[in-house]
Amino acid sequence: AERVNGKLVVESLRGVGVPWTGPAVVDGKPWPFASDGAVWLTPGAHAIETSSQQPPMRVLDFNGDLKTAAVTAAGIEFAYKSAARAMALLEHPPARLEIDGVEQSPQMSGNVLLLPRGQHLINLTPSK
């Protein structure tokens with residue numbers, strides 16, 4: 001990791017949690033995988049900057065292999081792979097969940113969203 005032109009540039013082979021406070025922009029886009037003390041990144045090289053806006057919802061922690069993540073017009077979207085059931089600790093329960101384009105009832109344990117094993121694309125719409 002190094003600072004370049006006011007950005008923190010991080011490279012990781014497996015994905016990494018980077019100590020961070022406040023909202024973040026990763027690679028020029030709002031980033032939804034962040035807790036109050038860390039930003040969770042996918043494998044590869046990324047540039048992190050401070051943002052003035054929180055994403056519509058945040059994934060505070062995740063036990064799967066995160067492949068992609070993005071803020072969308074409806075909420076957030078992410079792709080993952082996991083050999084076992086995946087769990088996403090959410091800031092707030094979602095109003096709507098889509099797994100691979102199919103709407104599903106969220107299986108929640110508190111604020112933990114339980115997701116199926118395998119490789120999946122998740123779309124979450126926040127509660128208003």
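Placement of Phe78 and Ile99 within a single hydrophobic cluster is found when ILVMFWY residues are connected by side-chain heavy-atom separations under 4.5 Å, directly or transitively. Residue Val10 is grouped with residue Trp20 when hydrophobic side chains (ILVMFWY) are merged at heavy-atom distances under 4.5 angstrom, including chains of intermediate members. Cluster membership for Leu66 and Val25, using ILVMFWY side-chain heavy atoms within less than 4.5 angstrom, is not shared. Tracing side-chain contacts under 4.5 Å through hydrophobic residues (I, L, V, M, F, W, Y), one reaches Met108 starting from Leu115; they form part of the same cluster.
The aromatic rings of Phe62 and Tyr80 lie perpendicular to each other, with more than 60° between the two planes, well past the 30° mark.
Counting heavy atoms from C-beta outward, Val39 and Leu8 have side chains that stay 4.5 Å or more apart. Gln54 places a side-chain heavy atom less than 4.5 Å from the side chain of Pro23. Counting heavy atoms from C-beta on, the side chains of Leu90 and Arg58 never come closer than 4.5 Å.
With Ser109 contributing its side chain and Val112 its backbone, the two residues share no donor-acceptor pair below 3.5 Å. Distance alone, capped at 3.5 Å, is enough to place a donor-acceptor pair between the Asp27 side chain and the Ala47 backbone. Side chain of Asp100 to main chain of His120: no donor-acceptor pair is present (N/O by atom type, distance under 3.5 Å, no hydrogens or angles). Within the 3.5 Å criterion, the main-chain N or O of Ala69 finds no donor-acceptor partner in the side chain of Trp31.
For the residue pair Gln119 and Lys81, the shortest heavy atom distance occurs at OE1-CD, 3.9 Å. For the residue pair Leu41 and Val18, the shortest heavy atom distance occurs at CD1-CG2, 3.7 Å. Contact between Lys67 and Thr42 at its shortest, heavy atoms only, is O-CG2, 3.4 Å. The two residues Pro106 and Leu97 have their closest heavy-atom pair at CA-CD2, 3.8 Å. Minimum heavy-atom separation, Met57 to Thr125: SD-C, 4.1 Å. The two residues Pro126 and Pro56 have their closest heavy-atom pair at CB-O, 3.7 Å.
Exactly one residue among Leu89, Asp36, Asn111 makes a side chain to side chain contact (heavy atoms under 4.5 Å, CB included) with Leu60. That residue is Leu89.
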Inset, instruction - Under the side chain to side chain contact (heavy atoms under 4.5 Å, CB included) rule, what do Val9 and His46 come out as? Steps first, then yes or no, please. - result: CA-CA 6 Å; Val9 178; His46 301 285; over 6 Å; no

Inset, instruction - Decide yes or no on side chain to side chain contact (heavy atoms under 4.5 Å, CB included) for Gln107 and Arg85, but give the supporting numbers first. - result: CA-CA 12 Å; Gln107 291 184 342; Arg85 176 172 280 235; 3.1 Å; yes

Inset, instruction - Please lay out, stage by stage, how Val71 and Lys29 fare under the test side chain to side chain contact (heavy atoms under 4.5 Å, CB included). - result: CA-CA 8 Å; Val71 172; Lys29 298 174 185 166; over 6 Å; no

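Counting heavy atoms of neighbouring residues, nucleotides and ligands inside a 6.0 Å radius, atom CD of Glu103 exceeds 12 of them.
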